[in-house]
2 protein chains.
Amino acid sequence: MSAPGSADGQAVRRPTLTQVAALAGVSLKTASRALNGEPNVAETTGERVRAAADQLGYRLNGIARELRRGATSALVGLISGDLTNPFYSAVASGIERELRQHGLQLVTANNDEDAERERALVDAFLERRVRALLIVPSGTDHGYLAIEGTRGVPFVFLDRPPVGMAADTVVIDNHGGARAAALHLLAGGHRRVALVADLARMAPQRGRIDGFVEAMAEAGNDEWRPYLRTDVHDVRQAERTVRELLATDPAPTAVFTTNNRLTTGALRALRGHPRPPALIGFDDFDLADVVGTTVVAHDAMALGRSAARLAQERIGGHEGPARTIVVATSVIARGSGERPPN
Amino acid sequence: MSAPGSADGQAVRRPTLTQVAALAGVSLKTASRALNGEPNVAETTGERVRAAADQLGYRLNGIARELRRGATSALVGLISGDLTNPFYSAVASGIERELRQHGLQLVTANNDEDAERERALVDAFLERRVRALLIVPSGTDHGYLAIEGTRGVPFVFLDRPPVGMAADTVVIDNHGGARAAALHLLAGGHRRVALVADLARMAPQRGRIDGFVEAMAEAGNDEWRPYLRTDVHDVRQAERTVRELLATDPAPTAVFTTNNRLTTGALRALRGHPRPPALIGFDDFDLADVVGTTVVAHDAMALGRSAARLAQERIGGHEGPARTIVVATSVIARGSGERPPN
DNA sequence: CTGAAAGCGCTAACAT
DNA sequence: ATGTTAGCGCTTTCAG
């Protein structure tokens, strides 16, 4: 069972370029040239080197190469929430696709929505000399990153802008999207509109709440106030909250949930309801068309791609002030948001 | 706008340990000891070194360290399909959680379900000296990996077993799960059961198809044969296929879809249908409870965790023959699978 | 076209 | 408790 050449379970030491060169009977440098396809290598010599490499099962040591070339890797780090949240996985996928164009690899890490852990991850990534760092931040103060930003490692913030420093940022048009949802409901004749939001301290939630409130204010509608629920953080809590809202008297005639988790909870609460309220959810989701849920949609994958592009430009030497890209939203009517009041 | 010390857009070279040592007025090694918390460093000396490091904005160069320590990184590679598929992202999340326990980082790459690209990624990861390589393979021959496996880099295959080599593997009980679904439908009185499957050359699909067929054969039922549809690879194709099935005469009274994508397509096709057939889908999904879809569920995150654990054990020196872990499935009845025939 | 020597930034081994 | 020397595996001068 033991690998050939291994002593008592020790992994075999991989052959080095020196060994390949020795076997091929050439110098170290010639072997290097041959394997890297550099010019100025005789046809036959190159042949011989490649044969030796194959025979030994040689594989370039990227770590040594990177050290020599300037101690910076081909890795780009992404720190975000858990990938089982489709928003984060869509973002990650978009980033990965874009990076690939430039020969860069994505390294992902989950911050558990915890500021402490996020800092630790930033440290770990910087020590590994990532080329750039993309962050969907949980932490609320990023001043500690300010020094790093100037030291050659570009930072890009996704979904939430940095606090205490300037950096490239890609965000969703939260304010506009929520406003559009609110207007949509108002146009449908709703007045008693419930707002179910996640942690209000998070910037995207803040934006969505503000956009909603603003639209209501403009319409001179105050009847939503008793139905405001914030800091609802998971699916079960959302389900319970919506149930409670429906049990109030008078009950709201419409519900606006400010992210995919909360929408899921609302759908559970509304399941089998005889006369469900209108519902609009922020974030599109997989079966929204089947379920017939009206949403505020946006392109999470494009968000990731944009962020990766910004990072790539910085890696390529782009200087200049921090840029902010805003991803557009659009209301997709699928029925739930068009149910009339009462 | 230029970073302090940078010349025309060049990134500042990060300070090295040598510089820290010089500033602190100690030797290189002492600085190393102090910063790594090794014993035998005077209190005051350590203090001085840390102060110097802070002042310079020093950050350990992990690449150099790794090279010195044996040219193997703290990275574990995952090659899989696109993370926007919730199955892959759940797997990735499970892996990430487990690796974290051991101080390892996950690097993800998308093989685009293409064997060629998969090989290229394997090469890239091995060059980067990943500690282990986890693969949800698309390629059908993995013999080229056989040499590598013995060279100290553990491979773990997820969801699909390797072909042409032996390696640790974690798979779902595809056969048993599909069989259970088939029995469930048979018990409900169904005879004309449609099977909508993905690419039949893929092992998991093969297993699901076989499990289904076996159960039907045991029940002495042959009426499913006209309704067999394989190599249905995306949502739209699935939707069209199910529509076509429903238009046949006599139409099937039940449909079994063999993965989440196909189930989504089926749900779209069945949407608004007056008397929809029974439906069971392989793979659980987010709103299955809301939509009321009966599924063959399994724990994709656990699959990832198990794979990561196997890898970790090999990294820790575990020897021995390749192991295979089978993840259990269970039928979750939610209504769609219990609709009676006709 | 090929080779020798130097060194990337760090840690391990061996002094002191 | 601290310092010196060597060298991980590679690429980059600079010479033949």
Side-chain angles (χ1 to χ4, degrees), chain A residues 10-50 52-53 56-74 126-130 151-153, chain B residues 10-50 52-53 56-74 124 126-130 151-152:
Chain A
Q10 256 325 306
V12 191
R13 216 176 182 66
R14 300 211 65 124
T16 72
L17 193 52
T18 314
Q19 294 172 43
V20 174
L23 181 59
V26 297
S27 84
L28 176 62
K29 179 60 211 178
T30 303
S32 168
R33 272 196 271 257
L35 263 27
N36 286 315
E38 286 174 36
N40 290 339
V41 177
E43 189 68 25
T44 53
T45 314
E47 215 50 64
R48 207 141 33 90
V49 172
R50 271 184 293 278
L56 260 42
Y58 171 77
R59 212 172 265 281
L60 176 82
N61 187 332
I63 296 178
R65 163 182 278 185
E66 278 162 11
L67 176 59
R68 185 59 246 246
R69 295 234 261 228
T72 187
S73 70
L126 289 177
E127 286 193 357
R128 270 170 209 147
R129 295 295 194 268
V130 290
R151 273 239 158 54
V153 183
Chain B
Q10 259 323 306
V12 191
R13 216 177 182 68
R14 299 209 66 123
T16 73
L17 193 52
T18 313
Q19 294 172 42
V20 174
L23 181 59
V26 297
S27 86
L28 176 62
K29 181 62 210 176
T30 303
S32 168
R33 273 196 272 259
L35 262 26
N36 286 315
E38 285 174 38
N40 289 338
V41 177
E43 189 68 25
T44 52
T45 313
E47 214 50 64
R48 210 143 31 92
V49 172
R50 271 184 292 278
L56 261 42
Y58 171 76
R59 211 171 267 278
L60 176 81
N61 186 332
I63 295 177
R65 163 185 277 183
E66 277 162 14
L67 177 58
R68 185 58 245 247
R69 297 233 259 226
T72 186
S73 69
L126 289 177
E127 286 193 356
R128 268 167 210 150
R129 292 295 193 270
V130 289
R151 274 239 158 56

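Nearest nucleotide to the Tyr58(A) side chain, out of dT12(D), dC10(D), dT11(C): dC10(D). Considering only the side chain of Arg69(B), dT11(C) comes nearest among dC10(C), dC10(D), dT11(C). Among the nucleotides dC10(D), dC10(C), dG9(C), the one closest to any side-chain atom of Arg65(B) is dC10(C).
Side-chain atoms of Asn36(B) and Ser32(B), non-hydrogen and from C-beta on, do get closer than 4.5 Å to each other. Thr16(B) has its side chain out of reach of Asn61(B): every pair of non-hydrogen atoms, C-beta onward, lies at least 4.5 Å apart. For the pair Arg59(B) and Val153(A), the minimum side-chain heavy-atom distance is 4.5 Å or more.
At distances below 3.5 Å, at least one donor-acceptor pair connects side-chain atoms of Arg48(B) with backbone N or O atoms of Ala24(B). Panel note: side chain Arg14(A), backbone Gly57(A); a donor-acceptor pair is recorded below 3.5 Å. Arg129(B) places a side-chain N or O within donor-acceptor distance of the main-chain N or O of Leu60(A), the cut-off being under 3.5 Å.
Listed here is the closest heavy atom pair of Val41(B) and Gly46(B): CG1-N, 3.8 Å.
Here dT13(D) presents its C1' atom at 10 Å from NZ of Lys29(A), a figure rounded to the nearest Å. Rounded to an integer number of Å, the gap from CD1 of Ile63(B) to P of dC10(D) is 15 Å. Rounded to a whole Å, the CG atom of Leu28(A) is 10 Å from the C1' atom of dA4(C). At whole-Å resolution of the value, CZ in Arg59(B) and P in dC10(C) are 13 Å apart. Asn61(B) has its CG atom 13 Å from the C1' atom of dC8(D), to the nearest Å. Atom P of nucleotide dG7(D) and atom CG of Leu67(A) are separated by 17 Å, given to the nearest angstrom. The interatomic distance linking Glu66(A) (CD) with dT12(D) (C1') rounds to 17 Å, in whole Å. Counting to the nearest Å, the C1' atom of dC8(D) and the CG atom of Leu17(A) are 14 Å from each other.
A residue-by-residue look at Ala64(A) and Ser27(B) shows that Ser27(B) has its nearest nucleotide of DNA chain D further toward the 5' end.
Within the 4.0 Å cut-off from OP1 or OP2 of dG9(C), not a single side-chain nitrogen or oxygen of Thr16(B) is found.
The stretch residues 31-46 of chain A touches DNA chain C through Arg33(A), Asn40(A), Val41(A), Ala42(A), Thr45(A), each having a heavy atom under 4.0 angstrom from the strand.
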